[in-house]
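All values below come from the heavy atoms of this structure, side chains included, with hydrogens, waters and symmetry mates left out. These numbers come from a predicted model, not from an experiment.
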Amino acid sequence: MIALGVILLVIGFVAGISILWTIGIILVVIGAIFWILGSVGHAVGGRRHYW
């Protein structure tokens with residue numbers, strides 16, 4: 001999810017499409033939250049670890 005967010009950020013920046021930029025930021029933030037929750041031991045989406 002973080003990688004997809006970064007890809008959308010780059011495409012949105014290069015192409016000048018603001019909606020891709022916004023979606024990319026949201027995906028990066030959600031991915032980072034899931035990563036942090038998974039690393040501290042909370043189950044995320046039914047999985048013990050989130051990669």
Side-chain angles (χ1 to χ4, degrees):
M1 188 173 292
I2 294 174
L4 179 62
V6 170
I7 290 168
L8 287 177
L9 281 172
V10 170
I11 292 172
F13 180 73
V14 171
I17 303 172
S18 63
I19 190 70
L20 288 180
W21 182 259
T22 305
I23 293 171
I25 290 172
I26 292 170
L27 287 179
V28 168
V29 169
I30 291 173
I33 290 171
F34 283 168
W35 184 22
I36 291 169
L37 286 176
S39 67
V40 296
H42 292 281
V44 177
R47 297 181 180 186
R48 183 75 174 143
H49 299 286
Y50 184 83
W51 289 284

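In the hydrophobic cluster analysis, where Ile, Leu, Val, Met, Phe, Trp and Tyr join through side-chain heavy atoms closer than 4.5 angstrom, I30 is grouped together with L4. Under the 4.5 Å side-chain heavy-atom criterion for ILVMFWY residues, a single connected hydrophobic cluster contains both L9 and F13.
Checking I23, V6, I33 one by one against V28, the side chain to side chain contact (heavy atoms under 4.5 Å, CB included) holds for a single residue, V6.
Listed by chain and number, the residues in a side chain to side chain contact (heavy atoms under 4.5 Å, CB included) with L20 are L8, I11, I17 (sequence neighbours excluded).
Between M1 and L27, the closest heavy-atom pair is CG-O, 3.6 Å.
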